[in-house]
Amino acid sequence: MALDHLRLPDADALRPAFSTHKPRILILYGSLREVSYSRLLAHEARRLLERLGCEVRMFDPKGLPLPDETPPTHPKVAELRALSEWSEGQVWVSPERHGAMTGIMKAQIDWIPLSVGSVRPTQGKTLAVMEVSGGSQSFNAVNQMRVLGRWMRMITIPNQSSVAKAYQEFDADGRMKPSSFYDRVVDVCEELVKFTLLTRDASAYLTNRYSERKEDAVKLEARVSLRSI
C-alpha cells in the first residue's frame, strides 16, 4: 500500500454546500414501437420528476445508429452524449424482450463512452432503472441495467420498478392507472431525486479513488523524470 495516497474520509467534503439549481435528469427508453409502454412509463416518470422539482429531458432513440456503425459525430450520437454530460441523474426504462433489455436500450448505453480524455461522462451520476413486460413480473431487464450502471460508475439507487402486463396499466390517454405498480414508480422517482440532491455536489469526492491517485502519481513522476534527462 502506498500510504502517501491513502486518504482518511473527509466529513467536510462529504457535506458540501448544496447547489440551488433544479436536479438535471435524463430519461432513456428502449422501444421504437408506435404504442410503446416503456415510452409511456418514461413520460410518467418525467411528469413525476418535474412535479418533484427537476429539470427533465428525454432522448428519442429513433434514428440512433448501431454502435460503431458511424463515427460519434453523428447528430443523434452527439445529442445523446451531450444530454448525458448535461445530466446529474438518469432514468433508464426498457421493455423486457427475450428475457433481457432491448437492443435499442443497450445501443443507447453503448454510445455513452466510459471516458472522454480524463473525463468520465457518467461517473458519479445517479441512476434509476425501470422495466415493462407483457407477461408476469420479471426483473431481468432492471438487473441487467444495474450491472451496466455499475460498469458506467453510476450511483444506482436501491429502489426500482418492474411493471408486469403493462398493456393493462395504462389508460386510453397513455396515463398510468392507479395501482401498486404506479406507487412503486412514485417511490423510485422520489428516491432518485433525494439521492441526486444528496450526492451531486460531492460526486467528484465520492468517486476519487486510491488506485487512480496512485497511478496518476506514478505517471507524473515518470514525466518529471523524463524532463530532467
Quick one: are [X] and [Y] in side-chain contact, heavy atoms under 4.5 Å?
X: D60; Y: K76; value: yes
X: F18; Y: T20; value: no
X: M154; Y: T126; value: no
X: K165; Y: F181; value: no
X: V193; Y: C54; value: yes
X: V163; Y: R184; value: no
X: Q160; Y: F139; value: yes
X: P61; Y: L28; value: no

Quiz prompt | Other residues, nucleotides, ligands: >12 heavy atoms within 6.0 Å of H21 NE2 | solution =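 More than 12 within 6.0 Å, yes.
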Quiz item: Which residues satisfy the side chain to side chain donor-acceptor pair (under 3.5 Å) test with R15, sequence neighbours excluded?
Solution: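 Listed in chain order: nothing, the list is empty.
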Tell me whether [X] contacts the main-chain N or O of [Y] through its side chain, where contact means a donor paired with an acceptor under 3.5 Å.
X: E88; Y: R200; result: no
X: K125; Y: S87; result: yes
X: W111; Y: P65; result: yes
X: R39; Y: R33; result: yes

Quiz prompt | Test ring-ring contact (aromatic ring centres under 6.0 Å, His included) applied to Y182 - qualifying residues, sequence neighbours left out | solution =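 For Y182, no residue satisfies ring-ring contact (aromatic ring centres under 6.0 Å, His included) once neighbours in sequence are set aside.
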State yes or no: do [X] and [Y] share one hydrophobic cluster built from I, L, V, M, F, W and Y residues joined by side-chain heavy-atom distances below 4.5 Å, directly or via other members?
X: V142; Y: Y29; value: no
X: L64; Y: L66; value: no
X: W92; Y: I157; value: no
X: L148; Y: V91; value: no
X: W151; Y: V129; value: yes

Practice problem: Considering non-hydrogen atoms only, spot the tightest contact between E191 and P158 and give its length. | Solution: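 Shortest heavy-atom separation between E191 and P158 comes out as OE2-CD, 3.1 Å.
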Self-check item: M130 to M145 - nearest heavy-atom pair and separation
Solution: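 Reported closest heavy-atom pair: O-CE, 3.2 Å.
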Quiz item: Can you tell me how far the OG1 atom of T122 sits from the CZ atom of R81, to the nearest 0.5 Å?
Solution: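 Here the interatomic distance stands at 11.5 Å.
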